[in-house]
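First the structure, in the form of C-alpha cells, and then the observations on it.
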Amino acid sequence: MAEPTPLLQAAGSGGTGLYMLLGTLLIALIGALVWYVLNQQSAAISSQSMALASGNSIHGLTSAQRKRNNAIVVVGPMGAGKTALWTRLRFPDSATQPETQTSMSVNSAEAHINESKAYLVDIPGHQKYRLDRDSYLPMARGIIFVVDSARVTETVRTTAELIYDVLANKKVQTNETPMLLLCNKQDDPMALSNTRVKALLEDEIDKLRASRQAGLDSLRDAHVAASGAAAGGDDDDAAADERTSDFLGYDGKKFSFEDLPNPIQINESSLVLGHDMSGLELIESWVADTLHS
Ligand SMILES: Nc1nc2c(ncn2[C@@H]2O[C@H](COP(=O)(O)OP(=O)(O)O)[C@@H](O)[C@H]2O)c(=O)[nH]1
Ligand SMILES: *[C@@H]1O[C@H](CO)[C@@H](O)[C@H](O)[C@H]1NC(C)=O
Ligand SMILES: *[C@@H]1O[C@H](CO)[C@@H](O)[C@H](O)[C@H]1NC(C)=O
Ligand SMILES: [Mg+2]
C-alpha cells in the first residue's frame with residue numbers, strides 16, 4: 001500500500017496548486033485595485049493643487065499673484081471668445097483653431113506681447129466665477145471685455161449686468177483701469193458693428209442703473225424709516241456713499257462710456273483663422289500700450 005499515498009499527495013498537491021493559483025490571482029486583483037485607488041487619489045490631489053497654483057480657488061490669490069503688476073484680465077459672457085483670445089495671445093504662432101469647448105476654469109499664464117510681458121487671465125463668464133473675478137479685477141492693469149457681436153442683442157441684459165459689475169468694482173474705479181470692449185465674431189454675418197454694440201450696451205446699462213438706483217433708494221428709505229429720525233442723518237450719508245460708488249456715469253444724464261474716468265476703447269475683432277485678423281494686432285497694441293502707460 002505504498003501507491004495511494006503518492007497518489008493522494010499528488011491529488012493534494014494538485015489542489016494546493018489550484019488554491020495557490022487562485023490566491024495569486026486574488027492578490028494580483030487586490031493589488032491592481034489598490035494601485036487604481038491610489039492613482040485616482042493622487043490625480044485628485046494634483047488637480048487640486050494645480051487649481052490652487054493657478055489661483056483658481058475661491059480662497060483667493062497667492063501672494064505672488066497679488067504682487068503682479070502686468071495682469072490683463074479677460075472677462076465677458078459665456079461663449080464670447082475669451083478663451084479663443086487667451087489662446088491666440090498666448091500661442092500667436094499656433095496654426096490651430098481656438099479651442100471649442102467652454103472652459104471650466106480660470107486660465108492664467110505669462111505671454112509675450114511684442115516687447116511686453118503680460119500676465120493673461122481668462123475668467124469664465126458664469127456667475128459662479130464671480131469670486132475669481134472679484135479677486136483678479138483689483139490687480140488688473142487692463143481689462144478686455146469680450147462680447148459676441150452676433151448674439152449681443154439676445155444676451156444684452158446679462159452682458160450689461162456683467163459690464164456693470166466689472167466697472168462698479170471699487171478698485172477698477174479708483175485705479176481707473178483701462179478697458180478694451182472687444183466686439184468679437186465680426187466674421188459672423190449677424191455681427192453688429194462696434195458703434196451698434198456700444199449704443200445697445202449704453203441703453204441697457206442706463207436702464208440697469210435706473211433700476212439699481214431705485215432699489216438702493218427704497219433700501220435706504222426703509223432703513224431711514226426703521227432707524228428713526230434721531231440717527232437718520234448719519235445713516236442717510238452712509239447710504240448715499242454706498243450709492244455713489246455703485247453709480248456709473250452722471251446722475252440725470254443718459255449713461256455713456258465716455259463719462260467714466262476709465263479709458264474705454266471699443267473695437268472689433270475676429271479670432272477665427274481665415275478671416276480678417278487685424279483686430280488681433282489692435283488688441284496686441286492695446287495691451288502693449290496699457291502695460292507701458
Ligand atoms: N465665428 C467666430 N467664432 C468664434 C470667434 N471667437 C471664438 N469663436 C468661437 O466661439 C466659441 C466660444 O469661444 P470661447 O473662446 O470658448 O468663448 P468663452 O466662453 O468666452 O471662453 C468657440 O466655438 C470659438 O471657436 C470669432 O471671432 N468668430
Ligand atoms: C478702436 O476704438 C477707438 C475708440 O473706441 C476708435 O477711435 C478707433 O477708431 C478704433 N479702431 C478701429 C480700427 O476700429
Ligand atoms: C508689435 O510688433 C509688430 C511686429 O513685430 C509691429 O508691426 C507692431 O507695430 C508692434 N506693435 C506695438 C504696439 O509695438
Ligand atoms: Mg472660456
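Quick note: residue numbers are just sequence positions, from 1. Each ligand, and each atom within it, is numbered from 1 in the order the structure gives.
Considering both main-chain and side-chain atoms, D187 comes within under 3.5 Å of ligand 1 through a nitrogen or oxygen pair. In terms of polar-atom proximity, L271 is counted as a contact of ligand 1, with an N or O under 3.5 Å from an N or O of the ligand. Residue K82 has at least one nitrogen or oxygen atom sitting less than 3.5 Å from a nitrogen or oxygen atom of ligand 1, judged on distance alone.
Salt bridge present: D203 and K254 bring a charged side-chain N and a carboxylate O closer than 4.0 Å. Under a 4.0 Å N-O distance rule, the pair E110/R68 qualifies as a salt bridge. Looking at D122 and K82, no side-chain N of the basic residue comes within less than 4.0 Å of a carboxylate O on the acidic one, giving no salt bridge.
Proximity to A84 (heavy-atom distance under 4.0 Å) selects the following atoms of ligand 1: 7 (C), 15 (O). Contact atoms of ligand 1 toward N184: 5 (C), 6 (N), 26 (C), 27 (O) (distance under 4.0 Å to a heavy atom of the residue). Contact atoms of ligand 1 toward S270: 27 (O) (distance under 4.0 Å to a heavy atom of the residue).
Remark: among candidates G279, S269, G81, the nearest residue to atom 14 (P) of ligand 1 is G81, based on non-hydrogen atoms.
In the hydrophobic clustering of ILVMFWY residues, with side-chain heavy atoms under 4.5 Å counting as a link, I266 and V166 come out together.
R209 forms no cation-pi arrangement with Y164, by the criterion of a distance under 6.0 Å to the ring centre and an angle within 45° of the ring axis.
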Candidate pair W286 and I144, rule side-chain contact (heavy atoms from CB on, under 4.5 Å), full reasoning
CA-CA 10 Å; W286 181 86; I144 304 181; 3.6 Å; yes
Are T155 and V147 close enough, and set up right, to give a side-chain contact (heavy atoms from CB on, under 4.5 Å), and what steps lead you there?
CA-CA 9 Å; T155 61; V147 302; over 6 Å; no
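Taking backbone and side chain together, M78 holds no N, O or S atom under 2.8 Å from the Mg ion (ligand 4).
Within the structure, the closest approach of V146 to ligand 1 does not fall below 4.0 Å when heavy atoms are considered. Ligand 1 lies within reach of V272, whose nearest heavy atom is under 4.0 Å from it. A heavy-atom separation below 4.0 Å is found between G79 and ligand 1.
With a 4.0 Å cut-off on non-hydrogen atoms, T83 touches ligand 1 through its backbone as well as its side chain.
For F255, the ring pair (Phe, Tyr, Trp, His ring centres under 6.0 Å) criterion is met by F257, not counting sequence neighbours.
Under 3.5 Å, the side chains of D276 and S278 contain a donor-acceptor pair of N or O atoms. Using a 3.5 Å distance cut-off with no hydrogens or angles, the side chains of T177 and N262 do not pair a donor with an acceptor. The closest side-chain donor-acceptor pair between E268 and S193, if any, does not fall under 3.5 angstrom.
Sparse packing is recorded around CZ of R130, with 12 or fewer heavy atoms of other residues, nucleotides or ligands lying under 6.0 Å away.
Using a 4.0 Å heavy-atom criterion, the residues that approach ligand 2 are Q265, I266, N267, L282.
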